[in-house]
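Heavy atoms only: backbone and side chains are in, while hydrogens, waters and symmetry mates are out.
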Amino acid sequence: MVTLSQDKVVQQTKKVVTGSVMSRTFPLDKVRNIGIIAHIDAGKTTVTERVLFYTGRTYKIGEVDEGTAVMDWMEQERERGITITAAATTCYWREHRINIIDTPGHVDFTAEVERSLRVLDGGVVVFDGVAGVEAQSETVWRQADKYRVPRVCFVNKMDRTGADFYHTVSMIEERLRAKALPVQIPWGKEDKFRGIVDLIEQKAWLFSDDAEVAPEEMPVPEDERGEFDRQRHLMIEKLAENDDQLMLLYLEEKEIPAAEIKAAIRRLTLANRIVPVLCGSALKNKGIQPLLDAIVDYLPSPLDIPPVPVTDLRTGEEGVREVSDEAPFTALAFKVVTDPFMGRLVYFRVYSGVVMSGMQVFNSTRGQRERIGRLIRMHANHREEIEMADTGSIAATVGLKNTFTGDTLCDLAHPVLLEPIRFPEPVLSMVVEPKSKADQNRLSEALGKLSEEDPTFKVRVDPETGQTIIAGMGELHLEVLLDRMHREFNVAARVGKPQVAYKETITVPVEVEGRFIRQFGGRGQYGHVWLKLEPNERGSGFRFVDHLRGGVIPKEYVPAVEAGVKEALETGVIAGYPVIDVKVTLFDGSYHEVDSSDLAFKMAGSIAVKEGLRKAKPVLLEPIMKLEVVMPAQFLGDVIGDLNARRGNIEGIETHGETCTVRALIPLAETFGYATVLRSLTQGRASYSLQFHCYKELPPSLTEQAHVKVRGL
């Protein structure tokens, strides 16, 4: 466990310029792009702070509780002691460059995790050694599964009362359905936790609470020998079952070298077939250096992941971009930030090629040319200017005026499109209005910049009331954004109570006719369509199908019909909420050779949908949240009684020692003020987490109440 000295890092980061060609500072196989992901309060930021200290990136350890964490740089983060925005940094270990993104753990900021995982190659999932797998742990795990991100697990807080390494490992296997492979076991338990025993190297590391004291290498302690032998045997058996190369060595019944074991773990980790599990206590500075070794040994470089799929804009064909500096430049913009000193910063990940300051690139998502301004490597909110960003780099730039989250930046001569990032829809809305006329323009500007930064923050003006409505992922999400609006943009605003973002859908299929015929004395307007509206599966969204036969409507008018349909679905017929999960099929109609136009067919499509929605027995849908409550067992009855009164549906109850965990589904409308009630019921000894689960039909008895709510987005 060695680290590069800071002088060596500085030397290695200097660019070698020959003409216009710049050499790489680090070979691609020595680059790691990783994210630190976990449930809130599992200790992600504390782990990251120790990583920065031990790699020489910082000279003093920042503490979350004291508000001095480098990665939690926003005022709101330091006040609340939580991570709100994903922060990027770069450090060096064993002559490898590690680009790290520390992500939030609160479900309201899940978009930060989503966009970070989209551009990262590997992840470190941190678990609380006492609580094990928690609600948001499952969410981030599913997000990592979606992007096929290889992971290592770090069971943190092993020094706390109730910490149980083996229970957490079993929870990883049961609740996350992952093949967990412990490569370390804890030495000691709870307040007797002293260090770790390495199952691969067959030695122990004794850690001091003092961060300045290097860990001491020792033989496996006698009191841990029995457990060590058992766990090492299980580790090798599990590896042999999944890796043919190690199986051959295992069958020979000889001692397997540590290098062969590590090579097998790397192969299986990269293939997402196993997940190495480590342990420690970040707050007490224990287990961080072995975690850094695991990042280098087991997580992928950009060369280890499949080439990124692209769509060639000239031919429309699917292809891939080779992971190489020589390939055409391709990057994905994954984050936009309004920096108080530098203005608009765009974060991007380079998948192929090289980009330099002043270079002109093509935004293929918007169809516009952009010029790269200054290139910056970020260290939380500190900036380090760089001359170029090569393949595998995560960097930021100023000067991109028309580039937003999810946009593709590429070479002008080789235009391609990367798959965009998809974000969840907001579930909570509220009215916001300026306190004075002077605040009106500033309010619009502030809301515009905040919605640019956060794709799950939506802003719209209700056409009937003229009110500005904002929508987000939860109460904390909107509270933080309104606080930022006041502090960063100096905008004073009044806000209404949070409202649920209901949706509408249909329950029976119908066929409807839409006609738009106008005559103005000259050329008129003529559009005529027949549409079939059908309920779609819940969560499948809107689908438009062109089923025309025999040229009854020219093909050039079909996009206009679809646009009219989409526009009509934005406002439902029950209470004006958006209509979701509907399949619309265009199957007949007629046109006029002179009078037909895009506008006429757009209006015809809209008229047909409005008529169809009334006939198709529309219903209101409400967001259902997944709730997890952790509490002492003595309060279980009171908590379940309260959940039943809130229309909650209990899904499961788990008991671990004196602690109970209740998992339930509950309507979002019933969760307002739940924190206060839960504190009262449990003498302040319970904690809970909420995350969006699905939309379900609102009971008819409650539909009338929803009519008077603020219309959602």
Tell me whether the guanidinium CZ or amine NZ of R349 lies under 6.0 angstrom from the six-membered ring centre of Y351 and within 45° of its axis.
->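 Yes, R349 lies over the aromatic ring of Y351.
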
Can you name the nearest heavy-atom pair linking [X] to [Y], along with the distance?
{"X": "V149", "Y": "N272", "value": "O-OD1, 3.4 Å"}
{"X": "V459", "Y": "S451", "value": "CG2-CB, 4.3 Å"}
{"X": "P300", "Y": "P150", "value": "CG-CG, 3.9 Å"}
{"X": "M158", "Y": "G129", "value": "SD-CA, 4.5 Å"}
{"X": "L283", "Y": "T46", "value": "N-CG2, 3.8 Å"}

In terms of side-chain geometry, is the basic nitrogen of R118 or E419 positioned less than 4.0 Å from the acidic oxygen of its partner?
->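 Judged by the 4.0 Å cut-off on N to carboxylate O distance, R118 and E419 do not form a salt bridge.
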
Which residues satisfy the side chain to side chain donor-acceptor pair (under 3.5 Å) test with [X], sequence neighbours excluded?
{"X": "D145", "value": "R151"}
{"X": "T405", "value": "R115"}
{"X": "E537", "value": "none"}

Pairs of donor and acceptor atoms involving the side chains of residues 636-643, under 3.5 Å and at least two apart or interchain, shall be tabulated with distances.
residue	atom	partner	partner atom	Å
D642	OD1	R646	NE	3.4
D642	OD2	R646	NE	2.9

Going by the side-chain hydrogen bond (donor to acceptor under 3.5 Å, both in side chains) test, which pairs reach into residues 619-636, not counting sequence neighbours?
->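 Every side-chain hydrogen bond (donor to acceptor under 3.5 Å, both in side chains) pair that includes a residue of residues 619-636, provided the two are not neighbours, is R175-E628, E622-R647.
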
Only one of E654, E651, E134 clears salt bridge (Lys or Arg N to Asp or Glu O under 4.0 Å) with R663; which?
->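 In the set E654, E651, E134, the residue that makes a salt bridge (Lys or Arg N to Asp or Glu O under 4.0 Å) with R663 is E654.
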
Would you be so kind as to tabulate the donor-acceptor pairs closer than 3.5 Å made by side chains of residues 579-586, with sequence neighbours excluded?
residue	atom	partner	partner atom	Å
D581	OD1	G539	N	3.3
D581	OD1	S540	N	3.3
D581	OD1	G541	N	2.9
D581	OD2	G539	N	3.1

